[in-house]
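A quick write-up on the structure given underneath.
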Amino acid sequence: MSKKFHIFSNTDDTSNRIVREVIAKMTAIGYEASDTEKDVNLIFCIGGDGALLRLLRRYKFPEAPIVGINTGHLGFFQEITMDGIDEFIELLGKGDYHIQEYIGLNADVYTDEGVKSYLAINEIVIRGEGERLMHLDIKIQDDDIARFSGDGVLICTPAGSTAYNYALGGVIVDPVVDMLQITPMAPVNNVAYRSFTSGIIVPTQTSIEIMPVDNEYKTVVVIQDGRIVESGSVKRVVVRVGEKKAKIVRFSNYDFWKKVKDKIIG
Ligand code: NAP
Ligand code: MN
(Lines give C-alpha, C1' and ligand atoms only; values in the text may rest on other atoms or scores of the structure.)
(Ligands and ions follow the chains in the order given, each with its own letter.)
Protein backbone atom coordinates (compact mmCIF):
# COMPACT_ATOMS: atom_id res chain seq x y z
CA MET A 1 0.00 0.00 0.00
CA SER A 2 1.50 3.33 -0.99
CA LYS A 3 2.02 6.10 1.48
CA LYS A 4 -0.37 9.01 1.31
CA PHE A 5 -0.23 12.74 1.93
CA HIS A 6 -2.85 15.46 2.10
CA ILE A 7 -2.37 19.19 1.41
CA PHE A 8 -4.08 22.03 3.26
CA SER A 9 -3.12 25.33 1.68
CA ASN A 10 -3.70 29.02 1.37
CA THR A 11 -4.94 30.02 -2.07
CA ASP A 12 -2.57 32.83 -3.05
CA ASP A 13 -0.36 32.39 -6.14
CA THR A 14 2.77 31.56 -4.13
CA SER A 15 0.98 28.89 -2.08
CA ASN A 16 -0.55 27.41 -5.25
CA ARG A 17 2.92 27.16 -6.78
CA ILE A 18 4.23 25.37 -3.68
CA VAL A 19 1.24 22.99 -3.79
CA ARG A 20 2.19 21.98 -7.35
CA GLU A 21 5.83 21.55 -6.34
CA VAL A 22 4.94 19.38 -3.32
CA ILE A 23 2.60 17.16 -5.38
CA ALA A 24 5.27 16.68 -8.08
CA LYS A 25 8.08 15.92 -5.62
CA MET A 26 6.06 13.68 -3.29
CA THR A 27 4.56 11.59 -6.11
CA ALA A 28 8.07 11.21 -7.56
CA ILE A 29 9.14 9.44 -4.35
CA GLY A 30 6.08 7.16 -4.43
CA TYR A 31 3.57 8.99 -2.26
CA GLU A 32 -0.05 9.35 -3.33
CA ALA A 33 -2.05 12.57 -2.90
CA SER A 34 -5.27 12.23 -0.91
CA ASP A 35 -8.34 14.52 -0.84
CA THR A 36 -8.91 13.85 2.82
CA GLU A 37 -6.81 14.30 5.94
CA LYS A 38 -7.90 10.88 7.18
CA ASP A 39 -5.65 7.81 6.90
CA VAL A 40 -2.66 9.68 5.50
CA ASN A 41 0.98 9.57 6.58
CA LEU A 42 1.58 13.32 6.31
CA ILE A 43 -0.41 16.53 6.04
CA PHE A 44 1.29 19.49 4.36
CA CYS A 45 0.22 22.89 5.65
CA ILE A 46 1.13 25.57 3.13
CA GLY A 47 0.77 29.11 4.45
CA GLY A 48 1.67 30.91 7.66
CA ASP A 49 0.66 30.31 11.26
CA GLY A 50 -2.86 31.39 10.41
CA ALA A 51 -3.08 28.47 7.96
CA LEU A 52 -1.96 26.02 10.66
CA LEU A 53 -4.59 27.39 13.04
CA ARG A 54 -7.27 26.95 10.36
CA LEU A 55 -6.07 23.42 9.61
CA LEU A 56 -6.29 22.40 13.26
CA ARG A 57 -9.73 23.99 13.56
CA ARG A 58 -11.06 22.37 10.38
CA TYR A 59 -9.68 18.87 11.08
CA LYS A 60 -10.07 19.07 14.88
CA PHE A 61 -6.41 18.21 15.59
CA PRO A 62 -5.88 15.42 13.00
CA GLU A 63 -4.10 12.13 13.62
CA ALA A 64 -1.40 12.54 10.96
CA PRO A 65 1.72 14.65 11.55
CA ILE A 66 1.77 18.07 9.91
CA VAL A 67 4.62 19.53 7.84
CA GLY A 68 4.43 23.30 7.65
CA ILE A 69 5.79 25.18 4.64
CA ASN A 70 5.84 28.91 5.25
CA THR A 71 4.39 31.06 2.50
CA GLY A 72 2.85 33.43 5.04
CA HIS A 73 4.20 36.31 7.01
CA LEU A 74 5.70 35.11 10.26
CA GLY A 75 5.41 31.32 10.15
CA PHE A 76 6.45 30.68 13.73
CA PHE A 77 5.00 27.16 13.69
CA GLN A 78 6.12 26.34 10.15
CA GLU A 79 9.22 24.16 9.80
CA ILE A 80 10.17 24.57 6.15
CA THR A 81 10.89 27.60 4.02
CA MET A 82 9.78 27.65 0.39
CA ASP A 83 13.27 26.76 -0.83
CA GLY A 84 13.64 23.90 1.67
CA ILE A 85 11.36 21.33 0.01
CA ASP A 86 14.17 19.28 -1.58
CA GLU A 87 16.00 19.11 1.74
CA PHE A 88 12.77 17.99 3.44
CA ILE A 89 12.23 15.21 0.86
CA GLU A 90 15.79 14.02 1.47
CA LEU A 91 15.39 14.01 5.27
CA LEU A 92 12.00 12.31 4.94
CA GLY A 93 13.63 9.54 2.91
CA LYS A 94 16.33 9.08 5.57
CA GLY A 95 13.79 9.24 8.40
CA ASP A 96 15.83 12.11 9.78
CA TYR A 97 13.02 13.99 11.53
CA HIS A 98 10.87 13.74 14.62
CA ILE A 99 7.32 14.57 15.52
CA GLN A 100 6.78 17.19 18.19
CA GLU A 101 3.49 16.98 20.04
CA TYR A 102 1.78 20.14 21.24
CA ILE A 103 -0.97 20.26 23.82
CA GLY A 104 -4.13 22.11 22.89
CA LEU A 105 -6.92 23.67 24.91
CA ASN A 106 -10.52 22.55 25.13
CA ALA A 107 -12.96 25.31 26.07
CA ASP A 108 -16.51 24.42 27.10
CA VAL A 109 -18.58 27.56 26.61
CA TYR A 110 -21.91 27.67 28.49
CA THR A 111 -24.67 29.95 27.22
CA ASP A 112 -28.48 29.96 27.55
CA GLU A 113 -28.57 27.68 24.50
CA GLY A 114 -26.37 25.01 26.09
CA VAL A 115 -22.69 24.16 25.91
CA LYS A 116 -20.32 24.19 22.94
CA SER A 117 -16.70 23.01 22.87
CA TYR A 118 -13.80 24.55 21.00
CA LEU A 119 -10.21 23.38 20.52
CA ALA A 120 -7.32 25.82 20.39
CA ILE A 121 -3.56 25.40 20.03
CA ASN A 122 -2.61 29.00 20.90
CA GLU A 123 -5.15 30.44 23.26
CA ILE A 124 -8.69 31.05 24.42
CA VAL A 125 -9.57 34.67 25.18
CA ILE A 126 -12.57 35.70 27.28
CA ARG A 127 -13.19 39.42 27.03
CA GLY A 128 -15.79 42.14 26.67
CA GLU A 129 -16.60 43.99 23.50
CA GLY A 130 -14.17 46.69 24.55
CA GLU A 131 -16.29 49.66 25.55
CA ARG A 132 -17.23 48.39 29.03
CA LEU A 133 -15.17 47.16 31.95
CA MET A 134 -15.47 43.37 32.32
CA HIS A 135 -15.71 41.61 35.65
CA LEU A 136 -14.78 37.94 35.62
CA ASP A 137 -14.72 35.46 38.49
CA ILE A 138 -11.83 33.04 38.09
CA LYS A 139 -11.71 29.54 39.53
CA ILE A 140 -8.67 27.30 39.40
CA GLN A 141 -9.73 23.70 39.99
CA ASP A 142 -12.45 24.26 42.59
CA ASP A 143 -10.92 27.27 44.25
CA ASP A 144 -12.26 30.76 43.69
CA ILE A 145 -9.03 32.60 43.01
CA ALA A 146 -9.98 36.11 42.14
CA ARG A 147 -12.48 38.48 40.68
CA PHE A 148 -10.80 40.14 37.74
CA SER A 149 -11.72 43.55 36.34
CA GLY A 150 -10.28 44.73 33.05
CA ASP A 151 -10.53 43.89 29.35
CA GLY A 152 -10.49 40.14 29.89
CA VAL A 153 -8.21 37.17 30.36
CA LEU A 154 -6.23 35.00 27.98
CA ILE A 155 -5.43 31.35 28.64
CA CYS A 156 -2.64 29.97 26.50
CA THR A 157 -0.58 26.89 25.87
CA PRO A 158 3.23 27.05 25.66
CA ALA A 159 2.86 27.04 21.83
CA GLY A 160 0.60 30.07 22.07
CA SER A 161 2.93 31.87 24.47
CA THR A 162 4.74 33.64 21.60
CA ALA A 163 1.53 34.96 20.03
CA TYR A 164 -1.10 37.25 21.62
CA ASN A 165 0.13 36.28 25.09
CA TYR A 166 3.54 37.80 24.42
CA ALA A 167 1.98 41.05 23.22
CA LEU A 168 0.11 41.22 26.54
CA GLY A 169 3.32 40.88 28.54
CA GLY A 170 2.99 37.13 29.15
CA VAL A 171 6.06 34.93 29.36
CA ILE A 172 7.52 32.93 26.48
CA VAL A 173 7.50 29.21 27.28
CA ASP A 174 9.31 26.41 25.47
CA PRO A 175 6.57 23.94 24.43
CA VAL A 176 8.52 21.07 26.03
CA VAL A 177 7.30 22.52 29.37
CA ASP A 178 3.87 21.25 30.42
CA MET A 179 1.88 24.18 31.72
CA LEU A 180 -0.94 26.63 31.02
CA GLN A 181 -0.70 30.36 31.44
CA ILE A 182 -3.47 32.76 32.46
CA THR A 183 -2.66 36.29 31.33
CA PRO A 184 -4.54 39.40 32.44
CA MET A 185 -5.63 41.90 29.78
CA ALA A 186 -5.53 45.50 31.02
CA PRO A 187 -6.17 44.69 34.71
CA VAL A 188 -7.74 47.46 36.78
CA ASN A 189 -6.40 48.33 40.21
CA ASN A 190 -7.99 51.17 42.17
CA VAL A 191 -9.98 51.57 45.36
CA ALA A 192 -13.08 50.13 43.68
CA TYR A 193 -11.50 47.12 41.92
CA ARG A 194 -8.56 44.80 42.55
CA SER A 195 -7.19 42.54 39.86
CA PHE A 196 -4.13 40.33 39.57
CA THR A 197 -1.53 41.91 37.33
CA SER A 198 0.91 39.09 36.70
CA GLY A 199 0.46 35.91 34.71
CA ILE A 200 -0.60 32.77 36.56
CA ILE A 201 1.00 29.44 35.65
CA VAL A 202 -0.80 26.19 36.39
CA PRO A 203 -0.05 22.53 35.67
CA THR A 204 -1.67 21.01 32.59
CA GLN A 205 -4.15 18.88 34.53
CA THR A 206 -5.80 22.01 35.96
CA SER A 207 -9.24 23.22 34.96
CA ILE A 208 -9.71 26.96 34.73
CA GLU A 209 -13.20 28.38 35.00
CA ILE A 210 -14.14 31.92 34.02
CA MET A 211 -17.54 33.26 35.05
CA PRO A 212 -18.56 36.67 33.76
CA VAL A 213 -20.23 38.77 36.46
CA ASP A 214 -23.43 40.58 35.34
CA ASN A 215 -23.40 38.55 32.15
CA GLU A 216 -27.05 39.43 31.45
CA TYR A 217 -26.06 43.03 30.81
CA LYS A 218 -22.79 42.69 29.00
CA THR A 219 -21.68 40.99 25.84
CA VAL A 220 -18.95 38.45 26.49
CA VAL A 221 -16.70 37.51 23.60
CA VAL A 222 -14.92 34.15 23.45
CA ILE A 223 -12.02 33.91 20.98
CA GLN A 224 -10.45 30.62 19.86
CA ASP A 225 -7.04 31.08 18.19
CA GLY A 226 -7.89 34.53 16.89
CA ARG A 227 -11.44 33.80 15.78
CA ILE A 228 -14.59 34.91 17.65
CA VAL A 229 -16.67 31.83 18.39
CA GLU A 230 -19.17 33.24 20.87
CA SER A 231 -20.48 36.71 21.45
CA GLY A 232 -23.39 37.24 23.79
CA SER A 233 -24.53 36.25 27.23
CA VAL A 234 -21.88 33.70 28.17
CA LYS A 235 -22.46 32.15 31.60
CA ARG A 236 -19.16 30.42 32.07
CA VAL A 237 -16.18 29.05 30.20
CA VAL A 238 -14.24 26.04 31.42
CA VAL A 239 -10.79 25.62 29.89
CA ARG A 240 -8.63 22.53 30.25
CA VAL A 241 -6.08 20.67 28.19
CA GLY A 242 -7.69 18.93 25.20
CA GLU A 243 -7.48 15.18 24.65
CA LYS A 244 -5.76 15.43 21.29
CA LYS A 245 -2.34 16.83 20.55
CA ALA A 246 -1.16 18.65 17.45
CA LYS A 247 1.66 16.71 15.81
CA ILE A 248 4.22 18.72 13.91
CA VAL A 249 7.18 17.38 11.95
CA ARG A 250 10.53 18.82 13.05
CA PHE A 251 14.01 18.33 11.66
CA SER A 252 16.67 17.14 14.08
CA ASN A 253 18.14 20.67 14.15
CA TYR A 254 14.85 22.25 15.30
CA ASP A 255 15.58 24.64 18.12
CA PHE A 256 12.72 26.57 19.76
CA TRP A 257 14.97 29.30 21.14
CA LYS A 258 16.66 29.85 17.79
CA LYS A 259 13.17 30.30 16.37
CA VAL A 260 12.32 32.79 19.11
CA LYS A 261 15.50 34.71 18.29
CA ASP A 262 14.91 34.62 14.51
CA LYS A 263 11.16 35.25 14.43
CA ILE A 264 10.26 37.14 17.61
CA ILE A 265 13.25 39.00 18.97
CA GLY A 266 14.88 39.53 15.59
P1 NAP B 1 -3.33 37.36 12.16
O2 NAP B 1 -4.08 38.53 12.65
O3 NAP B 1 -2.99 37.23 10.74
O4 NAP B 1 -1.93 37.19 12.92
C5 NAP B 1 -1.42 37.37 14.11
C6 NAP B 1 0.10 37.14 14.03
O7 NAP B 1 0.47 36.15 14.99
C8 NAP B 1 0.60 36.59 12.68
O9 NAP B 1 1.81 37.23 12.38
C10 NAP B 1 0.80 35.11 12.94
O11 NAP B 1 1.75 34.49 12.07
C12 NAP B 1 1.29 35.15 14.37
N13 NAP B 1 1.15 33.94 15.15
C14 NAP B 1 0.11 33.05 15.20
N15 NAP B 1 0.37 32.07 16.08
C16 NAP B 1 1.60 32.33 16.60
C17 NAP B 1 2.43 31.67 17.56
N18 NAP B 1 2.03 30.56 18.19
N19 NAP B 1 3.62 32.24 17.87
C20 NAP B 1 4.03 33.37 17.28
N21 NAP B 1 3.30 34.04 16.37
C22 NAP B 1 2.10 33.52 16.04
O23 NAP B 1 -4.17 36.06 12.64
P24 NAP B 1 -3.77 34.55 12.51
O25 NAP B 1 -2.61 34.35 11.60
O26 NAP B 1 -5.04 33.80 12.26
O27 NAP B 1 -3.27 34.23 13.99
C28 NAP B 1 -4.17 34.20 15.05
C29 NAP B 1 -3.41 34.53 16.29
O30 NAP B 1 -3.13 35.92 16.30
C31 NAP B 1 -4.15 34.30 17.57
O32 NAP B 1 -4.10 32.97 18.00
C33 NAP B 1 -3.46 35.27 18.51
O34 NAP B 1 -2.43 34.63 19.24
C35 NAP B 1 -2.80 36.29 17.62
N36 NAP B 1 -3.27 37.65 17.94
C37 NAP B 1 -2.34 38.53 18.42
C38 NAP B 1 -2.71 39.79 18.83
C39 NAP B 1 -1.66 40.69 19.39
O40 NAP B 1 -0.49 40.31 19.33
N41 NAP B 1 -2.01 41.85 19.93
C42 NAP B 1 -4.04 40.19 18.74
C43 NAP B 1 -4.97 39.29 18.23
C44 NAP B 1 -4.57 38.01 17.85
P45 NAP B 1 1.51 34.41 10.47
O46 NAP B 1 1.85 35.75 9.94
O47 NAP B 1 2.50 33.38 10.01
O48 NAP B 1 0.07 34.00 10.24
MN1 MN C 1 -1.88 35.29 9.81
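Order of appearance sets the numbers: ligands from 1, and atoms from 1 within every ligand.
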Polar side-chain atom of D178 near backbone of T204 as donor-acceptor pair, under 3.5 Å: no
re atom 13 (N) of ligand 1, the protein heavy-atom contact at minimum distance is D49 OD2, 3.5 Å
In the protein, which heavy atom is nearest to atom 15 (N) of ligand 1, and how far is it? N122 ND2, 3.0 Å
Yes or no, since that's all I need: does a protein heavy atom fall within a distance strictly under 4.0 Å of atom 1 (P) of ligand 1? no
To check your reading of the model: name the closest protein heavy atom to atom 16 (C) of ligand 1, its residue, and the distance in Å. A163 CB, 3.5 Å
Taking 4.0 angstrom as the limit and counting only heavy atoms of E123, give me the atoms of ligand 1 inside it, by number and element. 31 (C), 32 (O), 33 (C), 34 (O)
For atom 38 (C) of ligand 1, what's the nearest protein heavy-atom neighbour? Residue, atom name and distance, please. Y164 CD2, 3.4 Å
Salt bridge (charged side-chain N to carboxylate O under 4.0 Å, His left out): pairs with one or both residues in residues 236-257, sequence neighbours excluded: E63-K247, E79-R250, D108-R240, E209-R236
Using 4.0 Å as the upper bound for N to carboxylate O, is an ion pair formed by K235 and D112? yes
Atoms of ligand 1 less than 4.0 Å from G48 heavy atoms? 47 (O)
May I ask whether atom 9 (O) of ligand 1 is less than 4.0 Å from at least one protein heavy atom? yes
Verify the contact flag for atom 41 (N) of ligand 1, where contact means a protein heavy atom under 4.0 Å away. yes
Trace of the salt bridge (charged side-chain N to carboxylate O under 4.0 Å, His left out) decision for D86 with K25: CA-CA 8 Å; D86 287 329; K25 290 181 172 164; 2.9 Å; yes
A student checking ligand 1 against A167 at a 4.0 Å heavy-atom cut-off should list atoms 39 (C), 40 (O), 41 (N)
Please say whether more than 12 non-hydrogen atoms of neighbouring residues, nucleotides or ligands are located less than 6.0 Å from CG in D142. no
Taking the six-membered ring for Trp, are Y59 and F8 parallel (under 30°), tilted (30 to 60°) or perpendicular (over 60°)? perpendicular
Candidates G47, G68, G50, S161; heavy atom nearest atom 25 (O) of ligand 1 found on G50
N70-ligand 1 polar pair, N/O distance under 3.5 Å: no
May I ask whether atom 23 (O) of ligand 1 is less than 4.0 Å from at least one protein heavy atom? no
Shortest heavy-atom approach to atom 21 (N) of ligand 1 - which of V260, I121, L74: L74
When you compare ligand 1 with A159, is there at least one nitrogen or oxygen pair between them that comes in under 3.5 angstrom? yes
Protein residue, atom and distance nearest to atom 19 (N) of ligand 1, heavy-atom basis: T162 OG1, 2.7 Å
Can you find a protein heavy atom closer to atom 30 (O) of ligand 1 than 4.0 Å? no
State, to 0.1 Å, how close L133 and K218 come at their nearest heavy-atom pair, and which atoms those are. O-NZ, 2.9 Å
May I have the step-by-step check of ring-ring contact (aromatic ring centres under 6.0 Å, His included) for F148 and F196, ending in yes or no? CA-CA 7 Å; F148 174 87; F196 66 95; 5.4 Å; yes
Show the numbers, then the answer: is there a side-chain contact (heavy atoms from CB on, under 4.5 Å) between V234 and Y110? CA-CA 6 Å; V234 173; Y110 293 80; over 6 Å; no
Considering heavy atoms of the protein only, find what lies nearest to atom 27 (O) of ligand 1 and give residue, atom and distance to 0.1 Å. L53 CD1, 3.5 Å
Within the structure, does at least one protein heavy atom fall under 4.0 Å of atom 36 (N) of ligand 1? yes
Pair T81-N70, side-chain donor/acceptor within less than 3.5 Å: no
For S15 and T71, test the side chains for any donor-to-acceptor distance below 3.5 angstrom and give the result as yes or no. yes
Pull out every atom of ligand 1 sitting under 4.0 Å from any heavy atom of D225, numbered as shown with elements. 28 (C), 31 (C), 32 (O)
Select the closest option to atom 47 (O) of ligand 1 among G72, A51, G75, judged by heavy-atom distance. G75
Are there protein heavy-atom neighbours of atom 4 (O) of ligand 1 below 4.0 Å? no
Hey, what's the ring geometry for H135 with Y193, parallel, tilted or perpendicular (30° and 60° as the breaks)? tilted
How about N189 and S195: does a side-chain donor come under 3.5 Å of a side-chain acceptor? no
For G226, take its heavy atoms, then give the atoms of ligand 1 lying under 4.0 Å from any of them. 31 (C), 32 (O)
Under 3.5 Å, is there a donor-acceptor pair between the E32 and S2 side chains? yes
Heavy-atom pairs closer than 4.0 Å: do any link ligand 1 to the side chain of Y166, the backbone, both, or neither? neither
